[in-house]
There are 2 protein chains.
Amino acid sequence: MGVRSYQQYCAVAKALDVIGDRWTLLIVRELMTSGPSRYTDLLKGLPGIATNLLADRLREMEKSGIVRSWAAPPPVATTLFDLTARGQALRPLLEELGRWGAPMMGVPQISNVFRSHWLVFPFDAYLVDKTPDEPPVKIEVRTGDEPMVIETVDGKVRTRRGAVESPDTVLEGKPGPILGLLSGRLDIAEARQRGLVVHGSQKALRRVVGNWGGAQQV
Amino acid sequence: MGVRSYQQYCAVAKALDVIGDRWTLLIVRELMTSGPSRYTDLLKGLPGIATNLLADRLREMEKSGIVRSWAAPPPVATTLFDLTARGQALRPLLEELGRWGAPMMGVPQISNVFRSHWLVFPFDAYLVDKTPDEPPVKIEVRTGDEPMVIETVDGKVRTRRGAVESPDTVLEGKPGPILGLLSGRLDIAEARQRGLVVHGSQKALRRVVGNWGGAQQV
DNA sequence: CGGCATCCTCTTTGATACTG
DNA sequence: CAGTATCAAAGAGGATGCCG
């Protein structure tokens, strides 16, 4: 088993002893964006992982206290996995990884697979509610395999899976331009040139995009 | 070579493609705490790494743009490595790793090696200057292989290698209790019980330790 | 010395097939 | 559905050699 330790009395090394193995943080990503999940759902959200590796990792993560599993009673009647509090405490780390990785999202390779819910981390890292006293807004994002919703809640911006009845704005197109617009790397004209379709007003967008039409930062 | 990619159009996965290999983030830690370094200095700061792996990683990191190297002219007359701006942008990530890993620093195993400068990340994550308008303070930490200095600069607290002429406070002892005290997990009596010696007043400590004597948090 | 490259062994990963 | 079993390929760890 992959219980190889750096054997260093260092907080960074200790953290990497637990979450530094290949696939581990991507499993955390799945559980964090999807909540309690079945084994097969995890497999679907982790294209490329070998099934034995997923089983190994889940066991190790359970031993190290970041994942727990239990047998759900009927009508679910299956094992469910989710994050413990200690696993949830990895959220700032994943957000920071998403923030650092976002500038490398420019050119989707043909070999790259994509799942809509992976957008949660760059989104939650980039978006802020600039006018939290106004009524809440909802933006629907249509790209990839399922719709996503961006909504303002209690002064924060949350991204989650799902659709919504009457969104203020709908974004439709490929993930590249959507991410470019919401991260501030592209203005709306540039995003449209790259195929983005915006239904509804831009007001909600202006409210949550941190540097609207701003210059890009590293 | 370790150029294995997750092939996912996801910011987290893209980041891990670049910094997810074994040892890579610890090399970043070394360069971030030590500045431009020679190959042999890196080896010393990374006990356990195989020399061929260090050479491999440095090459990969140079290719991916987080490290650069150059031949220093005499009297140094050697290759120097350091972080690019993109590499420096990993600082929040390492701080978050240090923060998440700090609760696991309780029991130093006999097999664990220790270098003083590794304390930088948990320290910088935990310490804040609560009274930035007062004159700056300096705390010297004596543990492990070299002294470290904690100092208040422009409302921030910085930890760095080195000694200082007339510190306000000197902490001397094993790294465990020092880290416990500065992270707020131990109060000063508990730290003393575990062998910590405090020279000088506690005022400077009270000023920078976020939750002085406070209850621990995950 | 400093900065690697080579060789060898062992462990981890990836791909696929199979099972209660 | 939720994994195990099997096996080939890649990566990690350790020792040592080489070259300016």
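Order of the sequence lines fixes the chain letters, A, B, ..., with proteins taken first and strands second; residue numbering starts at 1 for each chain.
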Any donor and acceptor pair, going by atom type alone, linking the side chain of Asp124(B) with main-chain N or O of Thr159(B) inside 3.5 Å? yes
Whole-Å gap separating P (dG3(D)) and CD1 (Ile27(A)): 12 Å
side-chain N/O Arg57(B) vs dA12(D) OP1/OP2, d < 4.0 Å: yes
Please state how far atom CG in Asn52(A) lies from atom C1' in dA17(C), giving the value in whole angstrom units. 12 Å
Touch class at under 4.0 angstrom, heavy-atom based, for Ala55(B) against every strand present: sugar-phosphate
Among dA10(D), dA15(C), dG13(D), which is the nearest nucleotide to the side chain of Ala50(B)? dG13(D)
Determine whether the side chains of Thr169(A) and Glu140(A) contain a donor N or O and an acceptor N or O closer than 3.5 Å. no
Between C1' on dC1(C) and NZ on Lys44(B), what's the gap in Å once rounded to a whole number? 11 Å
Tell me: CZ of Arg22(B) to P of dC10(C), nearest whole Å? 18 Å
Is it true that Arg161(B) and Ser34(B) share a donor-acceptor pair across their side chains at a distance under 3.5 Å? yes
Specify the separation, in whole Å, of atom CG of Asp56(A) and atom C1' of dA5(D). 12 Å
For Leu58(B) and dC4(C), give me the distance from atom CG to atom C1', rounded to whole Å. 11 Å
Kindly point out which of dC4(C), dT11(C), dG3(D) is positioned nearest to the side chain of Tyr39(B)? dC4(C)
Ignoring backbone atoms, establish whether Arg59(A) has a side-chain N or O less than 4.0 Å from OP1 or OP2 of dT4(D). yes
In whole Å, I'd like the distance from the CD1 atom of Ile49(A) to the C1' atom of dG14(C). 10 Å
Distance-only donor-acceptor test, Thr51(A) side-chain atoms vs dG3(D) base atoms, 3.5 Å: yes
Separation of atom CG in Asp21(B) from atom P in dA12(D), rounded to whole Å: 6 Å
Would you tell me if any nitrogen or oxygen in the side chain of Trp23(A) comes within less than 4.0 Å of OP1 or OP2 on dT12(C)? no
Ser116(A) versus Glu146(A), side-chain donor and acceptor atoms under 3.5 Å: no
Does Arg38(B) have a side-chain nitrogen or oxygen under 4.0 Å from the phosphate oxygens OP1 or OP2 of dC4(C)? no
Kindly assign one of parallel, tilted or perpendicular to the pair Phe81(B) and Tyr39(B), based on the angle between their ring planes and the thresholds 30° and 60°. tilted
